[in-house]
Asks: 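Encoded as structure tokens, here's the structure I'll be asking about.
Here the structure is a predicted model, which is why all the values come from computation and not from measurement.
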Amino acid sequence: MDIRFTESRPSTIGVEWELPLVDRSTGDLAPRAPAVIAAVHERLGDHDRVTEELLTNTVEVVSSVHDRVGAATSELSGIIGEVVDAAEPLDAQVMCSGTHPFAQWDQQEITPDSEHYTTLIDRTRWWGRQMLIWGVHVHIGIDDRDKALPILGAMLAYVPHVQAFTASSPFWAGIDTGYASNRALMFQQLPTGGLPPALGAWANFEEVVGDLTHTGVIDSVKDLRWDIRPSPGWGTLENRVSDGISTLHEVGAVTALVQCLVTDMSDRLDAGETLSTMQPWFVRENKWRAARYGMEAEIILNAGGDERLVTDDVHDLVERLDPVAERLGCQDELHHLDTMIANGASYQRQLQVAQENGGDLREVVRHLVTEFRDAL
């Protein structure tokens, strides 16, 4: 199978941010996305910036292509402002996290008239219906398809960093799961979900896609739901590790981290270096540790099995990537990762709010709505 990789300017950015809608009075999920999306389309005159998702409680906001993180987050802020305004007369509010604190999966509506989603649910049944989860996807442009898979392989060492810092799903259907990111383990139950297989060259990727298509596992490359995947149609590497990120500042920080990492790796390939990788069992263990322990995860750093607290490693990573960030114009956003260390991740803030309010998860929803709005 021949898969063309679209030419793309290196280090360009595209962000997709899945946003749940909640009822103003109850805090429960509200199936009002179709009306909100229609209203925003009319306001913006652009159907590409706000799209539907699997469930009618979700709006996806999609940035256009940008060179700088600040430009991408500024555009997202403007689009989301339109979403908030459109939701207001429908008594709906916008928030974001990896899961809703107390909503029940079996009470949600599937987006109608979508063959893609109907096929997904028909195939995955119980697990597919439970995908009451949200995430953020960050695309970074790559100028040569032969770089895509070496960079993907090296990026797997940073799955726990992104997972820990975006972890925002400690609750599931009203239960404290004990995980920082319950979403991470939920999502990998889908076929082709979770970590990608080992792929050395573009021909290996084409072989995998060909085999999966031939056997009916997928209809197209878009059905690959890997945590990190090539996106040939856009000419990007797409990082899908993140839980739903609760504030715009945090979206900017994570986007800057991914942009700087991919750019640094691309530069090293251009200089003739070989990018290092870790054993798949270390990568898998790291993902679990970050999902379970979040910012308190002790992660495996390299093939030698050295370990370190994830927040300490990110702090030093910010310093190491600072020259790249300066060149890309995203130093402020990258250094916000240190602020996230000081303030705690979303899952920690949610757990604290629940504790302070006697376990009332409606207060957690109010907190998520407020901090989402205040960061725009």
Asks: Do the side chain of T118 and the main chain of S114 share a donor and acceptor less than 3.5 angstrom apart?
Replies: yes
Asks: Find out whether D23 and R32 are in side-chain contact, i.e. whether some heavy atom of one side chain is under 4.5 Å from a heavy atom of the other.
Replies: yes
Asks: Going only through I, L, V, M, F, W and Y residues with side-chain contacts under 4.5 Å, is there a path from V162 to L185?
Replies: no
Asks: Using a distance-only test with no angle check, is there a side-chain donor-acceptor pair under 3.5 angstrom linking S246 and S346?
Replies: yes
Asks: Is E82 reaching over with its side chain to a backbone N or O of G78, donor-acceptor style, under 3.5 angstrom?
Replies: no
Asks: Is the backbone N or O of A103 less than 3.5 Å from a side-chain atom of Q107, with the two atoms forming a donor-acceptor pair by type?
Replies: no
Asks: Does the distance from a Lys or Arg side-chain N to an Asp or Glu carboxylate O, for R349 and E371, drop under 4.0 Å?
Replies: yes
Asks: Using the rule given for side chain to side chain contact (heavy atoms under 4.5 Å, CB included), can you reason through F102 versus D360, listing the C-alpha separation, both sets of side-chain angles and the distance that settles it, and then say yes or no?
Replies: CA-CA 10 Å; F102 61 83; D360 187 349; over 6 Å; no
Asks: Suppose we screen for side-chain contact (heavy atoms from CB on, under 4.5 Å). Which residues come up paired with E109, at least two apart in sequence or across chains?
Replies: P31, T56
Asks: So, taking the atom named CD1 in I300 and the one named CG in D306, what distance separates them when rounded to the nearest 0.5 Å?
Replies: 10.0 Å
Asks: Can you list everything that forms a salt bridge (charged side-chain N to carboxylate O under 4.0 Å, His left out) with D143? Sequence neighbours excluded, please.
Replies: K147
Asks: Please identify each residue that fulfils side-chain contact (heavy atoms from CB on, under 4.5 Å) with R225, with sequence neighbours left out.
Replies: H116, L120, F187, L190, T192, D223, R240
Asks: Roughly how far, to the nearest 0.5 Å, is the NE2 atom of H100 from the OG atom of S169?
Replies: 13.5 Å
Asks: For the backbone of S11 and the side chain of Q259, can you confirm whether one donor and one acceptor N or O come within less than 3.5 Å of each other?
Replies: yes
Asks: Say whether E115 and T119, considering side chains only, have a donor N or O and an acceptor N or O under 3.5 Å apart.
Replies: no
Asks: Hey, is CD on E296 packed in by over 12 heavy atoms from elsewhere, all under 6.0 Å?
Replies: no
Asks: Report whether I175 and V365 are members of the same hydrophobic cluster (ILVMFWY, side-chain heavy atoms less than 4.5 Å apart, transitive linking).
Replies: no
Asks: Say whether L275 and L257 are linked into one hydrophobic cluster, either directly or through other cluster members, by side-chain heavy-atom distances under 4.5 angstrom.
Replies: yes
Asks: Is a donor from one side chain sitting under 3.5 angstrom from an acceptor on the other, for T51 and E60?
Replies: yes
Asks: Okay, side chain of S63, backbone of A72: is any donor-acceptor separation there less than 3.5 Å?
Replies: no
Asks: After noting the C-alpha distance and the side-chain angles of M131 and W105, does the key distance pass the side chain to side chain contact (heavy atoms under 4.5 Å, CB included) rule?
Replies: CA-CA 8 Å; M131 291 299 112; W105 64 268; over 6 Å; no
Asks: Please check this pair: side chain of N302 against backbone of G305, looking for a donor-acceptor N/O pair closer than 3.5 Å.
Replies: yes
Asks: Provide the closest heavy-atom pair for H139 versus E16 in the form atom of the first, atom of the second, distance.
Replies: NE2-OE2, 3.3 Å
Asks: Do you see a donor-acceptor pair shorter than 3.5 Å between the side chains of S181 and D243?
Replies: yes
Asks: Count the heavy atoms of every other residue, nucleotide or ligand shown that sit under 6.0 Å from CZ of R268, and state whether that count exceeds 12.
Replies: yes
Asks: Under the rule for side-chain contact (heavy atoms from CB on, under 4.5 Å), what residues qualify as partners of S276, not counting sequence neighbours?
Replies: none
Asks: Quick check on side chain to side chain contact (heavy atoms under 4.5 Å, CB included): which of L195, V138, V241, V258 does I228 satisfy it with?
Replies: V241
Asks: Under the ring pair (Phe, Tyr, Trp, His ring centres under 6.0 Å) definition, can you give me all pairs with a residue in residues 355-376, not counting sequence neighbours?
Replies: W17-F372
Asks: Tell me every residue that passes ring-ring contact (aromatic ring centres under 6.0 Å, His included) with H66, counting only those two or more places apart in sequence or in another chain.
Replies: none
Asks: State whether a side-chain donor-acceptor pair under 3.5 Å links E356 with Q352.
Replies: yes
Asks: Okay, side chain of T124, backbone of W127: is any donor-acceptor separation there less than 3.5 Å?
Replies: no
Asks: Is D113 atom CG crowded by more than 12 heavy atoms from other residues, nucleotides or ligands, each under 6.0 Å away?
Replies: no
Asks: Quick one: does T263's side chain get under 4.5 Å of R327's, heavy atoms only?
Replies: yes
Asks: Who passes ring-ring contact (aromatic ring centres under 6.0 Å, His included) against W226, sequence neighbours left out?
Replies: none
Asks: So does E307 pair up with R289, basic N to acidic O under 4.0 Å?
Replies: yes
Asks: Supply the atom-to-atom distance R183 CZ to Q188 CD, rounded to the nearest 0.5 angstrom.
Replies: 10.5 Å
Asks: For V353 and N357, work out which heavy atoms get closest and say how close.
Replies: O-ND2, 2.8 Å
Asks: For E285 and W281, test the side chains for any donor-to-acceptor distance below 3.5 angstrom and give the result as yes or no.
Replies: no
Asks: For atom CZ of R43, decide whether the heavy atoms of other residues, nucleotides or ligands shown that lie under 6.0 angstrom number more than 12.
Replies: yes
Asks: Would you please say whether a donor-acceptor pair under 3.5 Å links the side chains of E75 and S64?
Replies: yes
Asks: Taking only residues two or more places apart in sequence or in another chain, which ones pass ring-ring contact (aromatic ring centres under 6.0 Å, His included) with H137?
Replies: none
Asks: Applying side-chain contact (heavy atoms from CB on, under 4.5 Å), name anything that partners P323, two or more places apart in sequence or on another chain.
Replies: none
Asks: Mind checking what makes ring-ring contact (aromatic ring centres under 6.0 Å, His included) contact with Y158, not counting sequence neighbours?
Replies: H161
Asks: So which pairs with a foot in residues 88-99 pass side chain to side chain donor-acceptor pair (under 3.5 Å), sequence neighbours left out?
Replies: R24-E88
Asks: For H47, I'd like to know if atom NE2 has over 12 heavy atoms of other residues, nucleotides or ligands within 6.0 Å.
Replies: yes
Asks: Does the side chain to side chain donor-acceptor pair (under 3.5 Å) test come out yes or no for E18 and T58, once each step is laid out?
Replies: CA-CA 7 Å; E18 297 168 352; T58 303; over 6 Å; no
Asks: In terms of side-chain geometry, is the basic nitrogen of R362 or D28 positioned less than 4.0 Å from the acidic oxygen of its partner?
Replies: no
Asks: Can you pull out every ring pair (Phe, Tyr, Trp, His ring centres under 6.0 Å) where at least one residue sits in residues 309-332? Sequence neighbours excluded, please.
Replies: none
